[in-house]
Amino acid sequence: MKHSNVKQIINIDAKLTDRINELLSHYPADKKKSALLPILHDVQDAHDNWLSIELMDKVAEILEIKPIEVYEVVSFYTMYNQQPIGKYMFEFCRTSCCCLRGAEDLMEYTCDKLGIQEGETTPDGNFTVVGVECLGACGYAPMMQLGDFYKEHLTKEKIDQLIDDCKDNKISLH
Ligand code: FES
C-alpha cells in the first residue's frame, strides 16, 4: 500500500460527526463496518480529498474495526486517495471502450501539457492526472471524471478548454 509522508491534519468536527452518525444509524449497532464506504467518502471530502494512515486509523476507531479493514478498502477503490492530490484530478478511464477511442493518447497529451507523469500532481498543486478502470460511461468514450462530474467524448480541444477553465476557476467539482 503506497502511503504519503505528508502530515494530514485530522478534523472530525461536529458537522462530520453528525454525518457519520447519520450514516451509522442505517445499520445495526454491531454492523458498523457496513457504513465504511460512505463514511470514507465523507471523511475524505472533509480532508482535502485524501486519506492518510492516521485518518484511516481514526475511521477504524470510530467503526470499531481493525485498521487493516479500512486499508484494504481504501487501497482497492480508486475513488479513495492515499496521497495528497491536486485541486483538479483528471481521472481518465482507460478500459477497453475508452482505450479504443484514444483515451491513452489523451491522457498522455494532458500529462505532457501539464508537465507531469501519470499519477503525479503539478508543483502548484492544481492538477493530478490518473488512469482508472471503467467508469460506466462506455457509450460516451473517451471520457474522464473530474470531481463529481463526467467529461465525455473527449478531444484534445476539449482537454485544452477544460484546463483553461480550471485555471480560471470556472469548473465546478460538486
Ligand atoms: S470503458 Fe470507459 S467508461 Fe467504460
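Note that ligands are numbered from 1 as they come in the structure, with each ligand's atoms numbered from 1 the same way.
One N or O on the side chain of D124 and one on the backbone of N126 form a donor-acceptor pair closer than 3.5 Å.
Shown in contact with T95 at under 4.0 Å from a heavy atom are these atoms of ligand 1, numbered in order with element: 1 (S). Listed by atom number, the atoms of ligand 1 under 4.0 Å from C97 heavy atoms are 1 (S). Residue-ligand proximity, C134 to ligand 1, at heavy-atom distances under 4.0 Å covers atoms 1 (S), 3 (S), 4 (Fe). Every atom of ligand 1 is numbered from 1 in the order shown, and the set under 4.0 Å from a heavy atom of L135 is 3 (S). Set against the non-hydrogen atoms of A137, the atoms of ligand 1 under 4.0 Å away are 3 (S).
Among protein heavy atoms, the minimum distance from atom 1 (S) of ligand 1 is reached at C93 SG, 3.5 Å.
The minimum heavy-atom distance linking N11 with L16 is given by the pair O-CD2, 4.0 Å.
Ring-plane geometry between H41 and Y80 is classed as tilted, the angle between the planes lying from 30 to 60 degrees on a 0 to 90 degree scale.
Side-chain atoms of K158 and I163, non-hydrogen and from C-beta on, never get closer than 4.5 Å to each other.
In summary, C138 places an N/O/S atom under 2.8 Å from atom 4 (Fe) of ligand 1, meeting the contact criterion.
For A141, the heavy-atom gap to ligand 1 stays at 4.0 angstrom or more.
Looking at K151 and E91, no side-chain N of the basic residue comes within less than 4.0 Å of a carboxylate O on the acidic one, giving no salt bridge.
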Is there a side chain to side chain donor-acceptor pair (under 3.5 Å) between Y109 and D160? Walk through the geometry before answering. CA-CA 10 Å; Y109 173 79; D160 290 344; 2.6 Å; yes

